[in-house]
Amino acid sequence: MMSGHSIQRRISTRESNSVTLLLIGVALAYLVLFLGLPLFAVFYEAFSKGWALYWASLQEPDAWSAIKLTLIVAAIAVPANLVFGIAAAWAIAKFEFKGKSLLITLIDLPFAVSPVVSGLVYVLLFGAQGWFGPWLQAHDIKLIFAVPGIVLTTVFVTFPFVARELIPLMQAQGKEEEEAAVSLGASGWQAFWRVTLPNIKWGLLYGVILCNARAMGEFGAVSVVSGHIRGMTNTMPLHVEILYNEYNFVAAFAVASLLALLALVTLLVKSLVEWQAKRSGEPLQHGA
Amino acid sequence: MSITIENLSKQFGDHKALDDINLEVNSGELLALLGPSGCGKTTLLRIIGGMEVANSGRLLFHGEDVEQRDARERNVGFVFQHYALFRHMTVFENVAFGIRVKPRKQRPSEAEIKRRVHELLNLVQLDWLHDRYPAQLSGGQRQRIALARALAVEPKILLLDEPFGALDARVRKELRRWLRRLHDELHITSVFVTHDQEEALEVADRVVVMNKGRIEQAGTPDEVYAAPSTPFVYQFIGNVNLFHSRDHAPWSEQHGDAVAYVRPHDIDIGATPQDGNALPVEVKLVRAIGSVVRVEVAVDASSEFIEIELSRERFDAAPLASGDKVFIRPRQFRVFESGEQHELSAA
């Protein structure tokens, strides 16, 4: 009886070697084909005409301006959404108020609509023919086809990352620790800096990393509002497209390789964060 | 420091959590708020602590109105049901928190903080755990650290919300005694919330029984057990047998539709009817549980069982077996008109 039982267990939890190999092989092939190969292709094409040309295409003024603009946009959008994300998650997770579910739905909105639509909305609002267009023109403020418009749409598109990461975490942690802090004489700020923030730091960092990756990589929404003015309103993803459409493959892939590199660095930092969080005994999700 | 609560009410939407509460907590007293879940006891505790605000009524500490003071200014130590220890801090830092967040002028030196935290950790007998994180402690240890943390700010009032609720039975009993001893040492006015009658009766100087947002009775453990003032208290604290006047007229006297409440140990069993009040019953079940013998009897096949508790000696003097026909009569009982009867909600 016993041996029959254990054989059955083996059958139900283990496959034969050939099946195991086949399944691992399929998974690996999939990984290589859809993730590894494209990544390799980007770097291969970028360096296909040698290191010197690669370097030259990055130093070309328009490329350099696109890189700078991308960094500026991320430098504004990420801190803005960091502050907003913490505030929204704090309100949603720790307090009861009317319209809470509406707020949660609104936060998800940028994920739900196509980025092109997001961009279009801003053109309809602030463009020359838009609702606020005449007023903006009368005051000589240019949003659409200019840097402020790009920043606005990027903020919109990357809106949910930090908040989405923090809401479940803060909900799981509850508000007892803050109440304890206040009953021990801490002010609201002290409770936030000494209790709330340390408790969410890993989740927050994780959200910021994802938010940053999206802010730098956003194409659709930015494309609608930017106007593709070279050296002025081109971000890296837009610049890659222009170069590619001009058959300037080396330059296109050179800039693209920077974006790919960003993705790799993001993944590396993300793994480091997860590893660090695990080591310090504070799980990203769900408190003790 | 004494606490005075006058005409306090609290409403959550349509739900009346507290309905016109009047209560006096004496200085240095250990008071238990006892009641089934949803009776408003935790809400009352949170209002005293400043974590909720009452809709109406007054709250005074030592005669001084504290409603306008928020939680951090009340100098109240609060121990949470689930401990609420700061998970990213060591035990030492948890206890030191209340001292570290003091305004710079009142904050003692690092050496003084160290001395005081270790003193508190010694008080709760857990100094050896000072560099651990909360996740590495057992439930009982966490609860004691939570208490040490609350005591660090030298509160005038200590509030404990179901302090032993999440612990297993053995640890609970141990901590109960320990809390009582600690209170006798420190003499801080303390209020703790519990749904466990045994806990309340064993630990507290005075017990306040609550039900549906109202106070049913406040008194010493002995008073609420021996002389319950409402049917609810009778049923919530200890076991009780109910005798309706319709069925057992002599026991409930003449009050029309009334119910007599009799404790299981307040019933005598005899082989003969000594007077007209005795009730003929048949023994259905005899169970010896430790030091007492529990006998269940019934008037006839259709009626509910009546529970009787006898001491071993009394049982041995006149042994019973199921099937015996005997007479029972109450030594002590209390009659409530049916109109007064409250429903006993599930604990």
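In what follows, chains are A, B, ... by sequence order, proteins preceding strands, each numbered from 1. Just the heavy atoms: all of them, side chains too, but no hydrogens, waters or symmetry mates, feed the values below.
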Student: Do other residues, nucleotides or ligands put more than 12 heavy atoms under 6.0 Å from the NZ atom of B:Lys16?
Tutor: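 No, the 6.0 Å shell around NZ holds no more than 12 heavy atoms from other groups.
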
Student: Go through the atoms of B:Val153 and report whether side chain, backbone, both or neither lie under 4.5 Å from a heavy atom of chain A.
Tutor: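 Contact with chain A involves the side chain of B:Val153 alone.
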
Student: On a heavy-atom basis, which atom in A:Ser183 and which in B:Phe78 lie closest, and how many Å separate them?
Tutor: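 Closest approach of A:Ser183 to B:Phe78, heavy atoms only: OG-CB, 3.9 Å.
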
Student: So which of B:Glu73, B:Gln81, B:Lys102, B:His82 has the largest heavy-atom pair count under 4.5 angstrom toward chain A?
Tutor: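 Counting heavy-atom pairs under 4.5 Å, the top option is B:His82.
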
Student: For B:His88 and A:Arg194, indicate whether the former's side chain and the latter's backbone hold a donor-acceptor pair under 3.5 Å.
Tutor: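 Confirmed, B:His88 side chain pairs with A:Arg194 backbone.
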
Student: Counting only heavy atoms closer than 4.5 Å, note whether B:Ile99 contacts chain A via side chain, backbone, both or neither.
Tutor: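 The answer is neither part of B:Ile99.
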
Student: Do you know which of B:Gly50, B:Ala84, B:Ala146 has the most heavy-atom pairs under 4.5 Å to chain A?
Tutor: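 It is B:Ala84.
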
Student: Could you tell me whether A:Lys100 atom NZ has more than 12 heavy atoms of other residues or ligands within 6.0 Å of it?
Tutor: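 Buried by this count: over 12 neighbours within 6.0 Å.
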
Student: Checking A:Ala191 against chain B: side chain, backbone, both or neither under 4.5 Å from a heavy atom?
Tutor: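 The answer is neither part of A:Ala191.
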
Student: Nearest heavy-atom pair of B:Arg87 and A:Asn199: which atoms, and what distance?
Tutor: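 In terms of heavy atoms, the two residues are closest at CG-OD1, 3.3 Å.
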
Student: Between B:Arg46 and chain A, with a heavy-atom cut-off of 4.5 Å, which part of the residue counts as in contact: side chain, backbone, both or neither?
Tutor: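 Looking at B:Arg46, just its side chain touches chain A.
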
Student: Measuring from A:Glu177:CD to B:Tyr83:OH, what's the distance to the nearest 0.5 Å?
Tutor: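 Result: 13.5 Å between the selected atoms.
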
Student: For the residue pair B:Ala71 and A:Val182, what are the closest heavy atoms and their distance?
Tutor: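 The pair with the smallest heavy-atom distance is CB-CG1, 3.7 Å.
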
Student: Pick one of side chain, backbone, both or neither for B:Phe97, based on which atoms fall under 4.5 Å of a heavy atom in chain A.
Tutor: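 Interface part for B:Phe97: side chain.
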
Student: When you look at NE2 of B:His118, are more than 12 heavy atoms from neighbouring residues, nucleotides or ligands closer to it than 6.0 Å?
Tutor: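 Counting neighbours around NE2 of B:His118, more than 12 heavy atoms of other residues, nucleotides or ligands fall under 6.0 Å, so yes.
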
Student: Using non-hydrogen atoms only, which part of B:Ala150 is less than 4.5 Å away from chain A: side chain, backbone, both, or neither?
Tutor: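 For B:Ala150, backbone heavy atoms alone lie under 4.5 Å from chain A.
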
Student: Nearest heavy-atom pair of B:Phe80 and A:Glu176: which atoms, and what distance?
Tutor: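 Taking every non-hydrogen atom into account, CD2-OE2, 3.6 Å.
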
Student: Suppose we screen for salt bridge (Lys or Arg N to Asp or Glu O under 4.0 Å). Which residues come up paired with B:Asp70, at least two apart in sequence or across chains?
Tutor: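 Testing B:Asp70 for salt bridge (Lys or Arg N to Asp or Glu O under 4.0 Å), a comparison that skips the adjacent residues, returns none.
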
Student: So, taking the atom named CD in A:Glu179 and the one named CG in B:Asp161, what distance separates them when rounded to the nearest 0.5 Å?
Tutor: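 With rounding to 0.5 Å, CD (A:Glu179) is 10.0 Å from CG (B:Asp161).
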
Student: Which pair of non-hydrogen atoms, one from B:Val101 and one from A:Leu184, has the smallest distance, and what is that distance?
Tutor: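 Minimum heavy-atom separation between B:Val101 and A:Leu184: CG2-O, 3.8 Å.
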
Student: Look at atom OH of A:Tyr30 and say whether more than 12 heavy atoms of other residues, nucleotides or ligands are closer to it than 6.0 Å.
Tutor: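 Atom OH in A:Tyr30 is not crowded, with 12 or fewer foreign heavy atoms closer than 6.0 Å.
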
